[in-house]
There are 2 protein chains.
Amino acid sequence: MIMTAKIESFVMHCGEMGSRWGFNRTVGQMYGLLIIHEQALSAVEIAEALNISRGNVSMGIKELQSWRLVSVHHKPKDRKEYYSPAGSIWEMATRVFEERRKREVDPTLSLLRDNLLDEPTNDKEVYAHQQMHEIHDLLETVTHWAGELQSMNPDNLTTLMKLGAGVSKVIDMKSKLLSNNK
Amino acid sequence: MIMTAKIESFVMHCGEMGSRWGFNRTVGQMYGLLIIHEQALSAVEIAEALNISRGNVSMGIKELQSWRLVSVHHKPKDRKEYYSPAGSIWEMATRVFEERRKREVDPTLSLLRDNLLDEPTNDKEVYAHQQMHEIHDLLETVTHWAGELQSMNPDNLTTLMKLGAGVSKVIDMKSKLLSNNK
DNA sequence: GTATAGTTTCAGAAATTACTGAAACTTCAG
DNA sequence: CTGAAGTTTCAGTAATTTCTGAAACTATAC
């Protein structure tokens with residue numbers, strides 16, 4: 001048997017949270033199971049561990065692949081496919097983050113850009129235009145920043161996070177140094 | 001009539017995105033409508049603009065209130081309640097962010113903390129323990145950092161975002177300064 | 001080729017989630 | 001107190017999403 005009580009509680013929790021994280025219950029459970037289980041698992045093993053149909057596993061794997069969250073392995077002398085989580089815990093977090101940005105923010109940014117192209121024609125639209133503009137700029141800034149953070153090397157990123165609010169002191173320091181150079 | 005074509009496209013988009021942002025279609029539309037419309041709207045006006053039932057509006061308003069995203073107004077000589085978005089665009093973003101953290105991350109952190117309390121009893125659990133530990137630490141760090149960013153004053157935050165990846169240079173600079181002091 | 005071991009697909013069923021509208025409730029003015 | 005103007009609730013229904021399982025497909029060994 002694959003699951004002990006504690007492992008099961010984690011896997012079921014992933015299921016309950018699944019929909020909040022952007023996928024559905026079974027996909028959440030599947031991913032939880034893969035993360036918590038050291039050995040890669042075959043589709044049949046997943047189906048048995050979670051009591052779901054073989055077809056459902058297949059669809060779930062496809063979904064996880066679209067998030068770039070699983071990798072596939074083969075064992076010698078065995079035709080089955082074995083699945084395990086793709087990358088480290090850290091990578092998994094950045095991938096979920098990035099994919100969610102694509103799904104949750106990018107479409108909105110593109111709608112806003114389109115809508116902002118033509119000029120407002122009456123009072124209501126002037127206000128609407130203004131609001132959309134503000135949302136657009138905010139999303140752009142945040143998206144851009146998120147991208148840059150992701151491109152930093154993980155060590156610096158960790159330093160930055162550990163620094164926390166202290167970062168504002170560093171910024172102050174920087175602006176003082178710069179103004180001295182004038 | 002409340003909506004022009006362009007406003008409608010924005011409102012309907014908010015509806016389609018609603019479920020990805022953490023609420024359902026109608027709640028998304030309602031919030032979009034409130035954001036884009038300068039004057040506060042009554043429940044009946046919302047119901048008519050979106051072609052939904054009065055009861056649905058009431059439930060939607062409750063949902064938006066649980067996210068701290070609407071505020072209620074009264075007009076003199078009028079018993080109706082009028083609704084408008086709570087706070088600036090910036091505040092709305094931080095609220096959605098914060099509420100989502102509460103719903104998406106906090107429950108997991110608490111499950112992990114509980115599970116990590118008792119020691120693993122076999123090989124499978126040793127590995128599971130390790131993984132949960134890693135996820136726990138990552139979520140803690142990120143949550144903590146997000147909290148600190150939110151507590152920074154908006155100007156510094158903007159500077160920080162504009163700085164983007166350039167922040168790693170500032171960090172380098174800081175560590176050089178510190179090591180010179182040794 | 002054909003038998004075998006596996007994966008994928010997808011129509012229909014099951015489960016979940018959202019919506020309506022009528023009834024219950026609340027508040028206030030007279 | 002009564003009635004009018006409003007809000008909320010919730011049982012039942014509608015819409016959407018997810019899941020199953022059988023059939024179709026693919027790849028490999030012999």
Side-chain angles (χ1 to χ4, degrees), chain A residues 11-34 39-67 70-84 103-104, chain B residues 11-34 40-67 69-84 103-104:
Chain A
V11 172
M12 292 303 127
H13 174 85
C14 292
E16 280 149 36
M17 299 305 283
S19 56
R20 302 206 164 161
W21 297 337
F23 11 86
N24 67 32
R25 179 153 36 87
T26 355
V27 173
Q29 290 175 352
M30 286 176 53
Y31 193 42
L33 182 62
L34 294 181
Q39 284 79 40
L41 292 169
S42 71
V44 177
E45 287 170 317
I46 295 173
E48 282 171 2
L50 302 177
N51 260 300
I52 58 178
S53 74
R54 191 60 197 70
N56 201 359
V57 173
S58 175
M59 292 190 294
I61 292 289
K62 262 179 70 184
E63 174 76 4
L64 286 173
Q65 277 169 336
S66 85
W67 289 74
V70 272
S71 57
V72 182
H73 310 270
H74 290 272
K75 294 187 182 174
K77 290 273 178 193
D78 185 346
R79 257 162 68 193
K80 280 206 265 316
E81 300 196 315
Y82 291 85
Y83 306 99
S84 66
R103 291 154 207 237
E104 296 171 9
Chain B
V11 171
M12 292 303 128
H13 174 84
C14 292
E16 280 149 36
M17 298 305 284
S19 56
R20 303 208 162 160
W21 297 336
F23 11 85
N24 68 33
R25 180 152 36 85
T26 351
V27 173
Q29 290 175 351
M30 286 176 54
Y31 193 43
L33 182 63
L34 294 181
L41 292 169
S42 72
V44 177
E45 288 170 316
I46 296 172
E48 281 171 2
L50 302 176
N51 259 300
I52 58 177
S53 74
R54 190 60 196 69
N56 201 1
V57 173
S58 174
M59 291 190 294
I61 292 288
K62 262 179 71 184
E63 174 76 4
L64 286 173
Q65 277 168 337
S66 85
W67 288 75
L69 290 173
V70 272
S71 57
V72 183
H73 310 270
H74 291 273
K75 295 186 183 175
K77 291 271 179 196
D78 185 344
R79 256 163 67 194
K80 280 207 267 313
E81 300 196 314
Y82 290 84
Y83 306 99
S84 66
R103 291 154 207 239
E104 296 171 8

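In what follows, chains are A, B, ... by sequence order, proteins preceding strands, each numbered from 1.
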Inset, instruction - Specify the residue among A/R25 and A/K80 whose closest nucleotide of DNA chain C lies further upstream toward the 5′ end. - result: A/K80
Inset, instruction - Determine whether any donor atom in the side chain of A/R79 lies under 3.5 Å from an acceptor atom in the base of D/dA27, or the reverse, and answer yes or no. - result: yes
Inset, instruction - Evaluate the side-chain proximity of B/L50 to B/V11: yes if any heavy-atom separation is below 4.5 Å, no if none is. - result: yes
What is the distance, to the nearest angstrom, from the [atom1] atom on [X] to the [atom2] atom on [N]?
{"X": "B/I46", "N": "D/dT8", "atom1": "CD1", "atom2": "P", "answer": "11 Å"}
{"X": "B/Q65", "N": "D/dT8", "atom1": "CD", "atom2": "C1'", "answer": "12 Å"}
{"X": "B/K75", "N": "D/dG6", "atom1": "NZ", "atom2": "P", "answer": "12 Å"}
{"X": "A/E63", "N": "C/dT8", "atom1": "CD", "atom2": "P", "answer": "14 Å"}
{"X": "B/L41", "N": "D/dT7", "atom1": "CG", "atom2": "P", "answer": "13 Å"}
{"X": "B/F23", "N": "D/dT16", "atom1": "CZ", "atom2": "C1'", "answer": "19 Å"}
{"X": "B/I52", "N": "D/dA14", "atom1": "CD1", "atom2": "P", "answer": "18 Å"}
{"X": "A/N56", "N": "C/dA14", "atom1": "CG", "atom2": "P", "answer": "16 Å"}

Please determine whether a side-chain nitrogen or oxygen atom of [X] lies at a distance below 4.0 Å from atom OP1 or OP2 of [N].
{"X": "B/N24", "N": "C/dC19", "result": "yes"}
{"X": "A/K62", "N": "C/dT9", "result": "yes"}
{"X": "B/R54", "N": "D/dT7", "result": "yes"}
{"X": "B/T26", "N": "C/dA18", "result": "no"}

Legend entry - Minimum-distance nucleotide (side-chain atoms of B/M59 versus D/dT8, D/dC10, D/dT20): D/dC10
Legend entry - Residue A/E81, side-chain atoms from C-beta onward, closest of C/dT7, D/dG6, D/dT20: C/dT7
Legend entry - Rounded distance [0.5 Å steps], CZ in A/R54 versus CD in A/E48: 10.5 Å
Legend entry - Pairwise distance CG(B/N51) to CG(B/N56) - rounded to 0.5 angstrom: 11.5 Å
Legend entry - B/K75, B/K80, B/H73 screened by side-chain contact (heavy atoms from CB on, under 4.5 Å) with B/S42, the one that passes: B/K80
Inset, instruction - List the steps and the verdict of side-chain contact (heavy atoms from CB on, under 4.5 Å) for B/E63 and B/M59. - result: CA-CA 6 Å; B/E63 174 76 4; B/M59 291 190 294; over 6 Å; no
Legend entry - Earlier contact from the 5' end, DNA chain D, for A/N51 and B/S58: B/S58
